[in-house]
Amino acid sequence: MAVLCLADVSDGALALDATSKAITASTKLGDVTVLVCGPQAAADAAAKIAGVNKVLCADDAAYAHGLAENIAALIVGLADDFTHITAPSTTTAKNVLPRVAALLDVMVLPDVIEVIDADTFKRPIYAGNAVQTVKTTDAVKVITFRTSTFDLAADGGSAAVEATSGAGDAGLSSYVSDEVATSDRPELTSAGVVVSGGRGVGSEEDFALIEKLADKLGGAVGASRAAVDSGYAANDMQVGQTGKVVAPDLYVAIGISGAIQHLAGMKDSKVIVAINKDEEAPIFQVADFGLKADLFQAVPELIEKL
Amino acid sequence: MKVLVPVKRVIDYNVKVKVKADGSGVDLANVKMSMNPFDEIAVEEAIRLKESGVATEVVVVSIGEKKSTDTLRSAMAMGADRAILITTDQGVDIEPLAVAKLLKAVIDEEAPELVIAGKQAIDNDMNATGQMLAALLGWGQATFASELKVEDGAAVVTREVDGGLQTISVKLPAIVTADLRLNEPRYASLPNIMKAKKKPLEEKSADDFGVDITARHTIVTTEEPGTRQAGIMVGSVDELIAKLKEGGLV
Ligand SMILES: Cc1cc2nc3c(=O)[nH]c(=O)nc-3n(C[C@H](O)[C@H](O)[C@H](O)COP(=O)(O)OP(=O)(O)OC[C@H]3O[C@@H](n4cnc5c(N)ncnc54)[C@H](O)[C@@H]3O)c2cc1C
Ligand SMILES: Nc1ncnc2c1ncn2[C@@H]1O[C@H](COP(=O)(O)O)[C@@H](O)[C@H]1O
């Protein structure tokens with residue numbers, strides 16, 4: 001079995017956490033070749049991950065911004081040598097891999113959480129309220145792995161890096177601009193602690209309370225859809241069925257009711273704390289420690305006493 | 001410009017699904033069904049393009065059992081002009097690859113310049129059909145859209161990505177997939193619901209298209225996810241901190 005794993009590259013740098021976890025999952029399937037669409041330095045970083053056999057580096061402006069048409073064509077050009085094409089379930093891979101699959105006339109297996117064997121996998125459906133075991137009959141398996149369920153690979157690899165190239169720009173789409181959120185906090189999907197705020201926080205100004213608590217705990221900041229829709233938090237902070245999936249050691253949900261779509265993104269956290277003024281809030285059903293309180297009293301007190 | 005919107009009939013997003021005890025799937029009997037929420041957003045966006053004079057016609061397409069007629073009528077009550085239903089054998093959820101192949105066949109006939117799909121169907125959580133359709137058509141794609149402008153033969157789309165927002169420009173014809181913040185879908189008014197009953201709805205069968213829609217995936221089992229141990233309520237912030245300290249979490 002030979003696996004081609006598409007590395008996640010953001011802003012020219014390897015997204016180590018997501019890529020490493022996808023490599024852990026990929027090594028269960030066979031020898032892993034990593035494809036890095038980015039500069040040599042990103043490829044070198046991938047080569048250091050243990051378990052990687054080879055790194056292919058496609059350093060071309062056409063592949064720099066995750067444009068699906070160009071990257072999918074590149075992958076299809078390499079596909080003959082592989083039984084599995086994989087990637088971490090990032091927005092880039094979710095954009096590119098279904099396109100690859102259709103070009104190869106195969107289905108895609110998104111958000112896989114467990115590898116049973118070379119063609120059998122588990123994946124959540126219905127916002128994680130059911131888990132399907134799926135066996136595929138396709139010759140090439142195209143898979144994205146949900147990173148929150150796989151461990152980081154060790155480092156200490158020394159794979160060879162080879163340059164590769166494809167047709168380049170397909171001329172169908174072009175990059176215009178990025179509005180990238182920068183923060184000194186840990187990355188949401190890999191943080192050990194996540195503090196999330198919901199509609200109950202009430203305003204963008206008061207969302208600073210959530211950030212303050214996150215800083216106190218050395219954690220990342222998350223949000224419910226309602227908080228993002230209301231403009232309290234940025235879209236990349238949304239946790240849930242259609243946002244990011246996190247599984248930190250500690251997840252603190254503040255002013256979040258616990259809709260199934262939100263639970264889908266955080267219910268695998270090790271310890272869940274919920275602060276909500278409504279004792280009937282469904283979030284308490286998944287919380288290890290629930291505190292019925294007004295967040296405007298409880299959160300400042302928590303910040304002060306920690 | 002003609003805009004085509006694929007809409008799927010799915011379990012209502014408020015329903016908590018139950019997994020059948022024999023592992024054969026989830027129980028959909030007597031469960032409220034609705035239009036996939038992302039598809040409502042896609043329909044809304046198409047209608048707004050028509051209202052602003054950019055689009056001339058909005059065609060909605062659904063693939064599924066006969067009951068998907070309801071979903072198509074809802075889309076027409078919102079403002080879509082006409083509908084196409086492609087019926088398949090009841091009870092089988094067809095895979096995104098097959099859906100994309102059928103949609104391609106419709107698009108070859110209808111020749112829309114823009115397709116707006118939902119980003120993801122909330123039942124199978126695949127997030128694949130739009131991308132697959134773009135591949136089969138050889139068109140450009142702009143997924144997870146939170147803003148869409150059509151100008152100079154291109155769709156300029158702001159996309160919700162892991163790092164924040166990305167804006168790209170895609171040549172028309174193209175596929176766009178709608179994310180949550182693209183717009184807030186309207187409610188259909190009663191008069192519009194009545195009017196929608198008279199709008200044209202063309203019915204076809206998947207067999208008419210000569211497309212192989214055989215499933216590539218076999219569902220071995222469907223299980224309940226692992227459940228969490230019941231937790232406790234704490235009485236104060238101090239107690240909460242004590243518990244977190246006990247667990248070595250702070
Ligand atoms: C297709 C689709 C996809 C979705 N995807 C997601 C997703 O990915 N992620 C997601 O989060 N949601 C998602 N949703 C939305 C989801 O259904 C809920 O609407 C959303 O999670 C609610 O957010 P919330 O809990 O912040 O708001 P609400 O449900 O309004 O809850 C606010 C809570 O705050 C509490 N509160 C208010 N004031 C205070 C106070 N002073 N002190 C303490 N507590 C207070 C209230 O008691 C209440 O429980 C999706 C919905 C759809 C239809
Ligand atoms: N059976 C279907 N009929 C019509 N449109 C569909 C169907 N399945 C998927 N789609 C469209 O494709 C989008 C993504 O679905 P999926 O790839 O299944 O997550 C949906 O939001 C719809 O716009």
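Letters A, B, ... are given to chains in the order of the sequence lines, protein chains preceding strands, and every chain is numbered from 1.
Of the atoms belonging to A/Lys270, it is backbone heavy atoms, and not side-chain ones, that fall under 4.5 Å from chain B. Using a 4.5 Å cut-off between heavy atoms, A/Leu67 contacts chain B through its side chain alone, with no backbone atom that close. At a 4.5 Å heavy-atom cutoff, B/Lys245 makes no contact with chain A through either its backbone or its side chain. If you measure heavy-atom distances from A/Ala130 to chain B, the contacts under 4.5 Å come from both the backbone and the side chain. If you measure heavy-atom distances from A/Lys305 to chain B, the contacts under 4.5 Å come from both the backbone and the side chain. Heavy atoms closer than 4.5 Å to chain B are found in both the backbone and the side chain of A/Thr242. A/Glu187 does not touch chain B: none of its heavy atoms, backbone or side chain, sits under 4.5 Å away. Contact of A/Ala234 with chain B is not made at all, since no heavy-atom distance falls under 4.5 Å. Contacts of B/Leu240 with chain A are made by side-chain atoms alone, with heavy-atom separations under 4.5 Å and no backbone atom involved. Within the 4.5 angstrom heavy-atom criterion, atoms from both the backbone and the side chain of B/Tyr13 approach chain A. Proximity to chain A (any heavy atom under 4.5 Å) is shown, for B/Ala128, by both the backbone and the side chain. The parts of A/Arg225 that come within reach of chain B are both its backbone and its side chain, each placing non-hydrogen atoms under 4.5 angstrom from that chain. Looking at B/Lys119, only its side chain comes within 4.5 Å of chain A, counting heavy atoms on both sides.
Shown here is A/Glu179, whose CD atom has no more than 12 heavy atoms of other residues, nucleotides or ligands within 6.0 Å. In the displayed structure, B/Lys18 atom NZ is contacted under 6.0 Å by at most 12 heavy atoms of other residues, nucleotides or ligands. Residue B/Glu184 places its CD atom among 12 or fewer non-hydrogen atoms of other residues, nucleotides or ligands, all under 6.0 Å distant. In the displayed structure, B/Asp152 atom CG is contacted under 6.0 Å by at most 12 heavy atoms of other residues, nucleotides or ligands. Residue A/Asp11 qualifies as open at atom CG: its count of foreign heavy atoms under 6.0 Å is 12 or below. Heavy atoms of other residues, nucleotides or ligands lying less than 6.0 angstrom from NZ of A/Lys135 number more than 12.
Of the possible donor and acceptor atoms, one in the side chain of B/Arg216 sits under 3.5 Å from a partner among the backbone N and O of A/Asp105. In this structure, the side chain of B/Arg228 does not engage the main chain of A/Gln285 through any donor-acceptor pair within 3.5 Å. Under a 3.5 Å cut-off, the side chain of B/Gln166 and the backbone N or O of A/His65 do form a donor-acceptor pair. In this structure a side-chain-to-backbone donor-acceptor pair under 3.5 Å is present from A/Asn235 to B/Gly164.
Across all non-hydrogen atoms, the minimal contact from A/Glu69 to B/Gly140 is OE2-CA, 3.2 Å. Looking at every heavy atom in both residues, B/Val237 comes nearest to A/Glu301 through CB-OE2, 3.4 Å. Between B/Met132 and A/Ala101 the shortest heavy-atom distance is CE-CB, 3.7 Å. The shortest non-hydrogen separation linking A/Ile260 to B/Val15 is CD1-O, 3.7 Å. Here the shortest heavy-atom pairing between B/Ala135 and A/Ala102 reads CB-CB, 3.7 Å.
When B/Lys101, B/Gln141, B/Lys16 are compared by the number of non-hydrogen pairs under 4.5 Å with chain A, B/Gln141 comes out ahead. If you tally non-hydrogen atom pairs under 4.5 Å between each of A/Val134, A/Thr144, A/Thr189 and chain B, the highest count goes to A/Val134. The greatest number of non-hydrogen atom pairs below 4.5 Å with chain B, out of A/Asn95, A/Leu103, A/Asn129, is found for A/Asn95. Ranked by non-hydrogen atom pairs under 4.5 Å with chain A, the options B/Ala98, B/Gly23, B/Pro225, B/Gly231 are led by B/Pro225. The residue among B/Val220, B/Leu136, B/Asn14 with the most heavy atom pairs within less than 4.5 Å of chain A is B/Val220. Between chain A and the options B/Gly138, B/Ala155, B/Ala142, B/Ser146, heavy-atom pairs under 4.5 Å are most frequent for B/Gly138. Of all the listed residues (A/Asp249, A/Val180, A/Asp229), the one sharing the greatest number of non-hydrogen pairs under 4.5 Å with chain B is A/Asp229. Ranked by heavy-atom pairs shorter than 4.5 Å toward chain B, the options A/Ile275, A/Val193, A/Thr91, A/Ile272 are led by A/Thr91. When A/Val100, A/Val96, A/Leu109, A/Asp8 are compared by the number of non-hydrogen pairs under 4.5 Å with chain B, A/Leu109 comes out ahead. Comparing B/Ile11, B/Ile232, B/Val10 by heavy-atom pairs within less than 4.5 Å of chain A, the highest count is held by B/Ile232. Of all the listed residues (B/Asp238, B/Val19, B/Val156, B/Thr129), the one sharing the greatest number of non-hydrogen pairs under 4.5 Å with chain A is B/Asp238. Counting heavy-atom pairs closer than 4.5 Å to chain B, the top residue among A/Met237, A/Gln297, A/Gln238 is A/Gln238.
Residues A/Val273 and B/Lys243 form no side-chain contact, since every pair of their non-hydrogen atoms from C-beta on lies 4.5 Å or further apart. A heavy-atom distance below 4.5 Å is found between the side chains of A/Leu217 and B/Val250. Side chains of A/Met107 and B/Pro96 form a contact here, defined as non-hydrogen atoms less than 4.5 Å apart. Side-chain contact between B/Val161 and A/Thr92 is absent, with no heavy-atom pair separated by less than 4.5 Å. In this structure the side chain of A/Gln132 never reaches within 4.5 angstrom of the side chain of B/Asn124, judged on heavy atoms. Between B/Glu95 and A/Val108, every side-chain heavy-atom pair lies at or beyond the 4.5 Å cut-off.
Remark: A/Phe296 engages no residue in a ring-ring contact (aromatic ring centres under 6.0 Å, His included) (not counting sequence neighbours). Residues satisfying the ring-ring contact (aromatic ring centres under 6.0 Å, His included) test with B/His217, not counting sequence neighbours, are none. The side chain to side chain donor-acceptor pair (under 3.5 Å) check on A/Thr137 picks up nothing, with sequence neighbours excluded.
B/Asn127 CG to A/Leu97 CG: the interatomic distance, rounded to the nearest 0.5 Å, is 11.5 Å. Considering CD1 of A/Ile125 and CG of B/Asp125, their distance stands at 8.0 Å, rounded to 0.5 Å. Separating the CD1 atom in B/Ile241 from the CG atom in A/Leu306 is a distance of 4.5 Å, to the nearest 0.5 Å.
Inspection of non-hydrogen atoms places B/Thr167, B/Ile168, B/Ser169, B/Val170, B/Lys171, B/Leu180, B/Arg181 of residues 167-183 of chain B under 4.5 Å from chain A.
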Q.
Applying side-chain contact (heavy atoms from CB on, under 4.5 Å) to B/Asp123 and A/Tyr126, what does each step give before you reach the verdict?
A. CA-CA 5 Å; B/Asp123 49 2; A/Tyr126 291 93; 3.6 Å; yes
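Between B/Asp162 and A/Lys94 there is no salt bridge, since none of the side-chain N atoms of the basic residue sits less than 4.0 Å from a carboxylate O of the acidic one.
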